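Here the structure is laid out as structure tokens; the discussion comes afterwards.
These numbers were taken from a predicted model, which means no experiment stands behind them.
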Amino acid sequence: MPSTFLHLQPAQHRWLQLSLIPGLGPVSLKQLWQRFGSSEAILAAPRSQLAELGLRRSVVDALSRSTELSDFANIDATDTWLAEPRHHLLTLEDSLYPETLRQISDPPALLYVVGDVELLSVPQIALVGSRNASHQGLENAHAYSRFLSERGLVPTSGLALGIDVAAHQGALQGMGLTVAVLGTGVDRIYPARHLALAHQIVEQGGALVSELALGTPPLAQNFPKRNRIISALSLGVVVIEAALKSGSLITARMALEQGREVFALPGSIHNPLSKGCHSLIRQGALLVDSAEQILEELAPQLDRCFATGAGNVGVDSVDAKASASLLEGLSSTEQQLLQVMGYDAASLDRLVLRSGLPVAELQTQLLSLELQGWVSVVPGGYQRTARHA
């Protein structure tokens with residue numbers, strides 16, 4: 001790697017080289033990675049082994065000459081971009097790369113992230129819909145997002161006009177965390193009127209994400225590809241409003257292909273923005289008319305997300321043995337969180353100070369405890385439930 005690159009790690013540089021090879025898309029890159037195990041091994045692979053994978057001759061030639069063909073201007077720009085605070089570049093080899101995204105057939109080889117990169121692995125819920133949403137649709141997106149955010153899920157959307165913006169704003173007014181997946185380079189906010197919102201998302205602890213190279217402008221063909229990331233990062237996709245030829249239906253289809261839940265809000269039969277939702281419901285999407293139903297449907301998946309080995313941890317009290325039995329099945333972190341929570345309502349900020357946990361981790365633990373019936377959301381924050389007080 002050239003010495004002028006001060007911030008790129010070797011693996012990041014290699015994946016950048018690979019991503020810039022014409023004709024080598026996400027599906028082929030994942031196949032190469034699964035076959036050879038690392039970017040270094042891919043670039044060192046003999047032509048005969050590359051040809052065995054069915055790659056076109058032009059791609060094999062480019063792989064063999066990747067160093068001399070590298071777009072150093074692009075790579076240098078990325079190196080400079082990484083020097084800024086909260087700028088991250090994840091590769092398929094990175095331990096912080098979200099596993100739900102890595103499992104799909106065409107995961108991005110690279111993820112450009114601005115903000116909290118660890119948030120990408122916290123349970124998320126996608127909220128999508130029309131750019132020309134009705135007033136009621138915008139209210140629903142805002143309310144559903146805020147409710148789900150306050151229950152510990154991270155609302156994810158695409159920073160587009162209409163439903164997307166309402167979902168992000170609802171999350172910001174909830175627990176404050178949201179993920180925006182862009183159809184442009186992460187340094188090119190589109191539409192430009194959402195620049196302030198993008199800054200707010202990052203400042204409040206959320207994240208902006210894109211697989212596209214820095215400087216990529218808004219091109220129509222990139223937005224459907226963006227949608228597969230939104231669905232893959234999430235446990236489910238909620239379609240608030242959508243016409244029959246809406247991009248939101250593409251997101252829903254991708255979600256089904258990825259094994260995710262799809263939820264749709266019904267509406268008036270006279271509203272063209274409800275026809276896409278009604279079509280999804282006829283095809284098997286879950287009809288929901290309250291945000292609580294979404295949380296109930298996702299509860300089994302969330303339980304699996306939070307599943308940990310059971311064990312008894314001693315509690316400092318005269319009833320230690322009985323308390324340990326009651327706490328059996330909770331992780332050590334959950335048990336410690338219950339101890340610092342006490343028995344009065346506590347705000348999220350106060351629990352951050354008491355527990356020392358990052359906000360994203362704290363929300364994950366609180367959602368797990370709520371699903372298990374240990375805590376509930378009350379005015380003022382969180383409180384242990386009466387049956388466990």
Side-chain angles (χ1 to χ4, degrees), residues 115-116 119-120 122-183 189-191 193-210 223 226-243 246-252 254-255 260-265 267 273-274 276-277 280 285-286 288-295 298 360 363:
D116 184 358
L119 195 62
L120 302 185
V122 172
Q124 296 169 54
I125 181 73
L127 294 100
V128 299
S130 174
R131 286 175 167 79
N132 300 306
S134 68
H135 181 73
Q136 186 61 61
L138 296 175
E139 286 187 351
N140 288 339
H142 189 282
Y144 275 52
S145 181
R146 180 168 182 170
F147 176 90
L148 295 168
S149 170
E150 289 172 343
R151 270 67 186 174
L153 286 167
V154 174
T156 296
S157 199
L159 203 69
L161 295 169
I163 296 299
D164 287 17
V165 167
H168 291 306
Q169 291 171 335
L172 292 172
Q173 291 183 20
M175 287 305 181
L177 301 177
T178 183
V179 173
V181 184
L182 311 184
I189 302 302
Y190 176 81
R193 71 180 77 173
H194 295 164
L195 183 60
L197 176 60
H199 285 313
Q200 185 181 1
I201 288 172
V202 175
E203 290 302 317
Q204 289 193 206
L208 310 177
V209 184
S210 177
F223 289 92
R226 177 274 308 270
N227 293 346
R228 83 189 192 286
I229 301 176
I230 293 176
S231 57
L233 287 173
S234 307
L235 297 176
V237 172
V238 185
V239 183
I240 306 293
E241 279 187 340
S246 168
S248 300
L249 301 191
I250 298 176
T251 309
M254 291 177 172
R260 307 297 191 262
E261 296 286 354
V262 175
F263 307 94
L265 274 66
L273 294 178
S274 295
C277 292
L280 288 174
L286 297 173
V288 292
D289 53 23
S290 74
E292 289 89 343
Q293 294 169 346
I294 297 170
L295 200 60
L298 293 178
Q363 285 192 272

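Pairing each heavy atom of L159 with each of P191, the nearest pair is O-CD, 3.8 Å. The minimum heavy-atom distance between L280 and A252, with the atom names listed, is CD2-CB, 3.8 Å. The shortest non-hydrogen separation linking V239 to S248 is CG1-CB, 4.2 Å. For the residue pair M254 and N227, the shortest heavy atom distance occurs at SD-C, 3.9 Å. The nearest pair of heavy atoms linking R151 to L295 is CG-CD2, 3.4 Å. Taking each heavy atom of A167 and L127 in turn, the nearest pair found is CB-CB, 3.8 Å.
Listed for the S145 side chain is no donor-acceptor partner under 3.5 Å among the backbone atoms of H168. Counting only distance, with no hydrogens or angles, the side chain of T178 and the backbone of P155 share a donor-acceptor pair below 3.5 Å. Side chain of R226 to backbone of V181: a donor-acceptor contact under 3.5 angstrom is found. Using a distance-only test at 3.5 Å, with no hydrogens or angles considered, a donor-acceptor pair links the side chain of E241 to the main chain of S134. Without hydrogens or angle criteria, S234 side chain to V237 main chain gives no donor-acceptor distance under 3.5 Å.
Taking a 6.0 Å sphere around OH of Y190, one finds it holds 12 or fewer heavy atoms contributed by other residues, nucleotides or ligands.
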Exercise for review: Step by step, work out the side chain to side chain contact (heavy atoms under 4.5 Å, CB included) result for I189 and L208.
Suggested key: CA-CA 10 Å; I189 302 302; L208 310 177; 4.1 Å; yes
Exercise for review: Test Q363 against V122 for side chain to side chain contact (heavy atoms under 4.5 Å, CB included), laying out the working first.
Suggested key: CA-CA 9 Å; Q363 285 192 272; V122 172; 6.0 Å; no
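The only option from N140, L265, I163 that meets the side chain to side chain contact (heavy atoms under 4.5 Å, CB included) definition with V238 turns out to be L265.
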